[in-house]
Amino acid sequence: MLMQCGLCFSKDRKGIVHVRKGTDVSLLKKPNTIYVFEQDHHIDNNWVVPNNCTLEFRGGTISGGLIYGSGTNIVSDSARFVIGSIVKGSWSVSGWMPEWFKPDTSEYWNSALQKCMDLSGSTGRPVVLTGDLYMLDNYERTAPTKANPEPDCYNSLLNICSGMTIISRNNSKVKVKPLPMHAGRYYTAVFGHRYEGCNDYPSTKTLKDITFDGITIDNYDDSLAEAPSAPIINKYCIYGYNVSNLTVQNCSLYCSGSNCLFMDVAYKRGGVRSYEGIAENCVIRNNYFRIKEKQYPYDLSALFVAIENTEIHDNVIEHHYRDEARDRWGCAGIEIHAGSFKVFNNKVIGFHNGINDCNYVGPTKGIHDIYGNEFDDCSAPLALWSFGSPKMFSALNGVSFHDNVCRQCRQPVRSNATDQGMKDIKVYKNTFYCETVRGGAVSFSKIENGLDISFSGNTFYHANPTPFFEFQAQS
């Protein structure tokens, strides 16, 4: 039975209300109701949705004002724009779709994705990507000048927030519009902290319980263009934050001349490196990382991670571009700057150093356990570093590198800049297939404050006989 009510018509026995054009939706106050929108509606005032209602969109939209949910669900007949209003309150949606918040007149997805991420953090419901491509607008950064030839601008395209989850159900791709490349250093991320201006550091804040699942971020551009320095997170974009419980899984990250993941809480203030934030408890698993360094002049690591109590496992990390003239120490598959680390079951391909294992700020202790990995065409599968002032950095202490298979390597283990010495380094039960070895199979240089390293049960295959160890004293 249809009932005419002046505001709408409905099938009241099933709790369904079809909202008519021109209805003041702020007057709809019946709980446990399905409100069906088949036409466009504008809210002049705020609408507090009655308890446990569903907003069902069948070609209609709502815009203007504020919609305050009360355990409210959203149903749409297709992935398209339905809400142009501010959304707050509690919601029972299975996930937030950026399509709901992006008008057809908008080319880029920045605003819609940001709205979904904010709602994910406040409601605990994930951002769900189902489309093929989400293009993000980039922004012009500070251009170099004669007085300031290398301006630093630390920023992100999208703000992450605690409690947010962003997942893809269709191998969705996120891509950033390239810009003409400047000479300055622009430490930018797709996801991170969105600053109001360059070098605008926030006071210490907390970011926790963040998940990225199944996303493809493609900044693989052959042109001389500037892309973000890190698709997921850049350390310069989370200055002073306490970051915990971050998960990056099932993602594919393609980067041109940049880091795939640059996770650290250090920054420079007054020219002094400062670690005011804390990063801990991260899982990086089942991802594919691929970088290309062809046209960029600086060193990089695919994963630069300084997070306590972290696991990196079952990833494929590949360097697409190989050039012997650019084969430098800084090009690494994984660079570690923290204690209590596990790196296992990864495949690392085509880097100068498979792993850069480095010391860390402060009295950090804990085992770096690196095992079960495959290193293919990496000049040195393991590179050890212990550098810097003891007032700022601890010595490298406690590394276990074992049960790894290393193919086409030229110097299986190397170390450099051991300013503070190394302790309790164990290399055992690995298999090394070496090409022409540079110097010794195991090389240490600039040793200053002692070296405590043991080798046992390793198997080396190499064609050219060379000295096994090569040591160089600090000059």
Side-chain angles (χ1 to χ4, degrees), residues 57 61 74 76-84 93-120 125-140 155-160 164-181 186 188-192 194 210-234 237 247-261 286-292 302 315-316 318 320:
F57 294 90
T61 63
I74 296 176
S76 177
D77 55 358
S78 62
R80 59 177 183 81
F81 174 68
V82 295
I83 297 178
V93 297
S94 59
W96 295 102
M97 299 183 65
E99 286 80 1
W100 293 347
F101 302 100
K102 178 183 173 294
D104 294 337
T105 55
S106 175
E107 180 181 359
Y108 299 108
W109 292 84
N110 300 55
S111 178
L113 277 169
Q114 187 63 67
K115 184 173 288 189
C116 286
M117 290 162 57
D118 293 341
L119 288 167
S120 176
R125 308 289 180 171
V127 181
V128 179
L129 305 183
T130 59
D132 295 327
L133 176 65
Y134 297 84
M135 181 67 75
L136 298 180
D137 194 11
N138 215 329
Y139 52 89
E140 288 289 347
N155 225 323
S156 302
L157 300 179
L158 297 170
N159 259 325
I160 58 176
M164 61 159 275
T165 296
I166 180 166
I167 63 176
S168 170
R169 302 201 188 283
N170 189 36
N171 194 28
S172 301
K173 181 183 293 186
V174 177
K175 194 171 180 65
V176 179
K177 181 186 77 173
L179 290 176
M181 189 169 62
Y186 303 107
T188 310
V190 174
F191 299 97
R194 185 78 175 93
I210 299 169
T211 300
F212 297 90
D213 190 348
I215 305 167
T216 296
I217 300 181
D218 184 359
N219 291 329
Y220 225 43
D221 197 319
D222 286 319
S223 64
L224 284 176
E226 181 189 336
S229 301
I232 296 291
I233 291 179
N234 186 318
C237 299
T247 300
V248 180
Q249 61 187 15
N250 307 317
C251 296
S252 297
L253 307 182
Y254 300 82
C255 313
S256 180
S258 62
N259 307 92
C260 292
L261 177 65
N286 303 324
N287 301 288
Y288 178 71
F289 301 100
R290 185 168 181 172
I291 68 171
K292 178 175 57 178
N315 303 284
V316 175
E318 185 174 2
H320 173 74

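Values in this document were obtained by computation on a predicted structure and should not be read as measured data.
A search for side chain to side chain donor-acceptor pair (under 3.5 Å) contacts involving N110 returns nothing, not counting sequence neighbours. Residues passing the salt bridge (Lys or Arg N to Asp or Glu O under 4.0 Å) test with R169, sequence neighbours excluded: none. Scanning for side chain to side chain donor-acceptor pair (under 3.5 Å) contacts around T216 gives N171, with sequence neighbours left out. For F57, the ring-ring contact (aromatic ring centres under 6.0 Å, His included) partners at least two apart in sequence or on another chain are F37. Taking D213 as the reference, I167, T211, Q249, N250 meet the side-chain contact (heavy atoms from CB on, under 4.5 Å) condition, with sequence neighbours excluded. Residues that satisfy the side chain to side chain donor-acceptor pair (under 3.5 Å) test with N315, not counting sequence neighbours, are N287, N346. Considering only residues two or more places apart in sequence or on other chains, K115 meets the salt bridge (Lys or Arg N to Asp or Glu O under 4.0 Å) condition with none of them. Annotation: side-chain contact (heavy atoms from CB on, under 4.5 Å) contacts of T61 (sequence neighbours excluded): D40, R80, F81. Annotation: side chain to side chain donor-acceptor pair (under 3.5 Å) contacts of W109 (sequence neighbours excluded): none. Taking the ring-ring contact (aromatic ring centres under 6.0 Å, His included) definition, one finds that Y288 meets it with Y254, sequence neighbours left out.
Rounding to the nearest 0.5 Å places CG of L113 at 7.5 Å from OH of Y134. Atom CG of D137 sits about 8.5 Å away from atom CG of L157, to the nearest 0.5 Å. The CG atom of D132 sits 7.0 Å away from atom OG of S172, with the distance rounded to the nearest 0.5 Å. Going from atom CG of L253 over to atom CZ of R290 covers 13.0 Å, rounded to the nearest 0.5 Å. Distance check: E99 CD to L129 CG gives 7.5 Å after rounding to the nearest 0.5 Å. Atoms CE and SG, on M164 and C116 in that order, are 10.5 Å from each other to the nearest 0.5 Å.
Closest approach of S76 to W100, counting heavy atoms only: CB-NE1, 3.9 Å. P126 and S120 get closest at one heavy-atom pair: CA-OG, 3.8 Å. Closest approach of G214 and S168 over heavy atoms only: O-CB, 3.1 Å.
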Worksheet item: Does the pair N159 and Q114 meet the rule for a side chain to side chain contact (heavy atoms under 4.5 Å, CB included), with working shown?
Response: CA-CA 7 Å; N159 259 325; Q114 187 63 67; 3.6 Å; yes
Fill in: Step-by-step side chain to side chain contact (heavy atoms under 4.5 Å, CB included) determination, I83 to I74
CA-CA 10 Å; I83 297 178; I74 296 176; 3.7 Å; yes
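The shortest distance between side-chain heavy atoms of I210 and F191 does not fall below 4.5 Å.
For the pairing with I166, the side-chain contact (heavy atoms from CB on, under 4.5 Å) check across V128, L158, V127, I160 returns one residue only, V127.
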